[in-house]
2 protein chains.
Amino acid sequence: MTTPTMQSVERVFEVVEVLWREDGAGPAAVAEALDVHRSTAHGYLRSLEAVGYAVNDGGTYELSYRFLDMGTRLQYRNRVFQAAREEISRLSRETEELPTLVVEEAGSAVILHQRPGANALELGTYSGMRTPLHTTASGKTILAHMPAERVDAILDGGLERVTERTVTDPDRLRKRLATVREDGHAVDVDQQVVGMGTVAVPLHPDDDHVASLAIACPSERIRNESYQDELLGALKESRNRVSIKYQYGR
Amino acid sequence: MTTPTMQSVERVFEVVEVLWREDGAGPAAVAEALDVHRSTAHGYLRSLEAVGYAVNDGGTYELSYRFLDMGTRLQYRNRVFQAAREEISRLSRETEELPTLVVEEAGSAVILHQRPGANALELGTYSGMRTPLHTTASGKTILAHMPAERVDAILDGGLERVTERTVTDPDRLRKRLATVREDGHAVDVDQQVVGMGTVAVPLHPDDDHVASLAIACPSERIRNESYQDELLGALKESRNRVSIKYQYGR
DNA sequence: GCGTTCGTTTCCTATTACCAAACGAGTCTG
DNA sequence: CAGACTCGTTTGGTAATAGGAAACGAACGC
C-alpha cells in the first residue's frame, strides 16, 4: 500500500481521459490539461498511437476502437455472459423491454450486457457502465448474496446518494437486503432514474460469482402488478436456464 | 517518425496484453513475459490497478471492465453509430440475420456494432473487431468510396491473404472496387469464413466519413437470389434512413 | 519439515522521462 | 499582405524516476 504508483502509467491514462473528454486533442491541449511541457504530452500521444490505443489524424489524436476491441473481448470471455447471452436475447424479444446482465467488480456494479427490445426505454445505460451497488435493484440483489464481510467492507466505503430516494443508511440497507433475500428478487421504481422501474433477480452460478439478471421498463408499466409478476416469472425462468448452462459448460 | 516512443507506455500495454493472454497473472508471470524484474512487473500491475484498468484479486491481477466502459462510450459517441442504431435493431428483427455496422480506422475495418437476430449465424465476430479492409464485403464497399490516394496508401501496405479466395493482387482488387461502385453494393460468399455470406452497402453520410452497413448470413441462404435481393433492398432502405438521420441530427 | 516460489516492500543507481529551445507550417490579425 | 502568433514536431541535456537487487512473510509442494 505504501509503494508508490508509476507516474508515467498514471499519466498515460490521464492522457486517455483527456482524449475522451475533449473528443480528440493535440499535444498543446494535453500539455495544458496535465500541466506538463508540450513535448512531454507529445511523447505520450505518440506512444499511445504506437501501441494502437490512439490514432493520429493530422496532428490531433483520438482514442481508437482498440478499447472497444479489448472491452468486448473481456465481455465475451466472461462465462456468465456466455451463459446468459442467448437468454437475454430471448427476454429482449419476448418482453420487448430492456433485459440487463450485471456483475460486480471492485465493489461496483457493472453492466456486462444489455439488449433493448422493440419497446425498450432509451436510458443512458451501456455495457461497461458502473454504478454503486446500493443504488440499483441489480446491485441490491448482488449485495444480498455476497459474503457478509465483503458487504461490510463496501458499506464502510460510504453510501453515495444519487437520488433523493437512495438508501444511504447502512442499517436500513441491510434490512432491505434481508427482504431481497427473502423475496428472491428486488424491485425499484423511480430510484435510479425517474420514470424507470427495474425488477432484478440474483444469478448465483457458483460460490465465487454473484451476478444479477434484470429488466428495466417505464415506471407506469411496472406499477401494474400482474405485469411485474410476468416479468419476474420470465426473469426467474431465464435465470434457471442460465445457471444450468453455466454449470454444464457450453 | 524518428522520435522514440516511451518505454513505460509500451510496457504497460504489453502488461495489458499479457493479462489478456493469461486471463489474469501475477508479478512473476508478467516479469517473465516482459523479461524484467518481478518488482518492476509489480509496479506496472499496481499502477494499472490504481488507474482502474486492472483489479487485484488476492495477488493475481485481471483486466477490468474499464476497457468495456471506455470502448462502449467511444462507440456511443460515434455519430454514425447513433444514426444507425435503431435501423440495425430493425434489420435484426425483420431479417433475423446478423446486421453489422463497419467503419474504417487507421486503414482497417472495425465492426462498430452488430446485433444478431433470432436466426443469426454464430460467428466469432464482435464489436471492436478489426479486419483488413480488402477481406470483407463491408471493407470493399468502404475502399470503393475512399479517396484514391488513401486507397493507394492502404494497398501499398500489402494485401494479406486470409483464405484461399482473398483477392491479393492490387489491380484485381481495384477492378473489383470499380464493380462495387457500379453495383452500389458488394456480395461475398465463403470469402472470410466458409459457410458465411455477406451483402454490404456503402454508408457515406458526409465527405469525411465512409462506413458500411452489411448483413451476414449462411451461404446457402444468400445463394438464393431473391433472398439476396430482399436483403439488399432492406439494407438500402435502412442506409437511406440512416443517412437522413445523420444529416438532420437526432 | 524444509525448500521453493510467490507477492510485496525497501533502497540504490542508471536509465529514461521530462523540460527547454528551436524549426517549419499553418492561421489569425492588423 | 505581412507580421505575429500557435501549432505539431524534433533535438539534446539533465534531473527525476523507473528498474534491479536483496530481503521479508506467507503459501505451497515435496
Side-chain angles (χ1 to χ4, degrees), chain A residues 1-64 105-106 149 153 207-208, chain B residues 1-64 105-106 149 153 207-208:
Chain A
M1 273 305 173
T2 59
T3 309
T5 64
M6 292 172 63
Q7 187 187 71
S8 53
V9 174
E10 291 210 322
R11 281 197 172 162
V12 73
F13 283 97
E14 281 180 58
V15 173
V16 167
E17 210 53 48
V18 171
L19 290 185
W20 162 252
R21 273 207 315 272
E22 307 289 328
D23 199 5
V30 172
E32 197 190 5
L34 300 205
D35 197 32
V36 297
H37 197 272
R38 269 214 323 281
S39 61
T40 305
H42 178 72
Y44 281 101
L45 291 170
R46 260 197 62 75
S47 305
L48 270 177
E49 186 193 4
V51 296
Y53 280 83
V55 290
N56 181 348
D57 181 27
T60 82
Y61 294 77
E62 299 181 9
L63 295 179
S64 97
E105 182 180 78
E149 69 268 20
D207 288 347
D208 285 346
Chain B
M1 271 305 176
T2 60
T3 310
T5 63
M6 292 173 63
Q7 187 187 73
S8 53
V9 174
E10 291 210 323
R11 282 196 172 160
V12 73
F13 283 97
E14 281 180 57
V15 172
V16 167
E17 209 53 47
V18 171
L19 291 185
W20 162 252
R21 273 207 314 272
E22 308 289 327
D23 199 5
V30 172
E32 197 190 4
L34 300 205
D35 196 32
V36 295
H37 197 271
R38 271 214 322 282
S39 62
T40 304
H42 179 71
Y44 280 100
L45 291 170
R46 260 198 62 74
S47 304
L48 269 176
E49 186 194 6
V51 296
Y53 280 83
V55 292
N56 181 349
D57 181 27
T60 83
Y61 294 75
E62 298 180 10
L63 294 179
S64 97
E105 183 181 77
E149 69 268 18
D207 289 346
D208 286 347

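Below, all heavy atoms of this structure are taken into account, side chains as well, without hydrogens, waters or symmetry copies. In what follows, chains carry the letters A, B, and so on, assigned in the order in which the sequence lines appear, proteins first and then strands, with residues in each chain numbered from 1.
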Nearest-nucleotide 5' precedence on DNA chain C, A:Ala41 against B:Ala28: B:Ala28
Take the protein atom CE of A:Met6 and the nucleotide atom C1' of C:dT9, then report the distance between them rounded to whole Å. 16 Å
Picking from C:dA17, C:dT9, D:dT9, the nucleotide nearest the side-chain atoms of A:Tyr44 would be C:dA17
To the nearest Å, how far apart are B:Glu32 CD and C:dG7 P? 12 Å
In the 5'-to-3' direction, what one-character label does each nucleotide of nucleotides 20-30 of chain D receive under the scheme B = base within less than 4.0 Å of a protein heavy atom, S = sugar-phosphate only, - = no such atom? BBBB-------
Interatomic distance, A:Glu49 CD vs D:dG8 P [rounded to whole Å]: 14 Å
CD on B:Glu22 to CG on B:Leu63, rounded to 0.5 Å: 11.5 Å
Taking only N and O in the side chain of A:Tyr61, is any of them less than 4.0 Å away from OP1 or OP2 of D:dT9? yes
Residue closer to the 5' end of DNA chain D, A:Thr5 versus A:His42 (nearest nucleotide): A:His42
Spacing of B:Leu48 atom CG and A:Glu10 atom CD [to the nearest 0.5 Å]: 10.5 Å
Find out whether B:Val16 and A:Tyr53 are in side-chain contact, i.e. whether some heavy atom of one side chain is under 4.5 Å from a heavy atom of the other. yes
Side-chain contact check for A:Pro27: nearest option of D:dG19, D:dT9, C:dC18 is D:dT9
Using a cut-off of less than 4.0 Å, is there contact between a side-chain N or O of A:Gln7 and OP1 or OP2 of C:dT16? no
Heavy atoms, side chains only, cut-off 4.5 Å: are B:Thr5 and A:Val51 in contact? no
Enter the distance from A:Ser8:OG to A:Phe13:CZ here, rounded to the nearest 0.5 Å. 10.5 Å
Whole angstrom value for the distance that separates P of D:dG8 from CG of A:Asp57: 13 Å
N/O (side chain, B:Asn56) to phosphate O (OP1/OP2, C:dT8) under 4.0 Å: yes
Answer yes or no: does a side-chain N or O of A:Thr60 lie under 4.0 Å from OP1 or OP2 of D:dG8? no
Spacing of A:Glu62 atom CD relative to D:dG8 atom C1', expressed in whole Å: 16 Å
Just how far is it from atom CG of B:Leu19 to atom CG of B:Asp23, taken to the nearest 0.5 Å? 9.5 Å
Roughly how far, to the nearest 0.5 Å, is CD of A:Glu62 from CD of A:Glu49? 11.5 Å
Can you tell me the distance, in whole Å, between the CD atom of A:Glu10 and the P atom of C:dA17? 16 Å
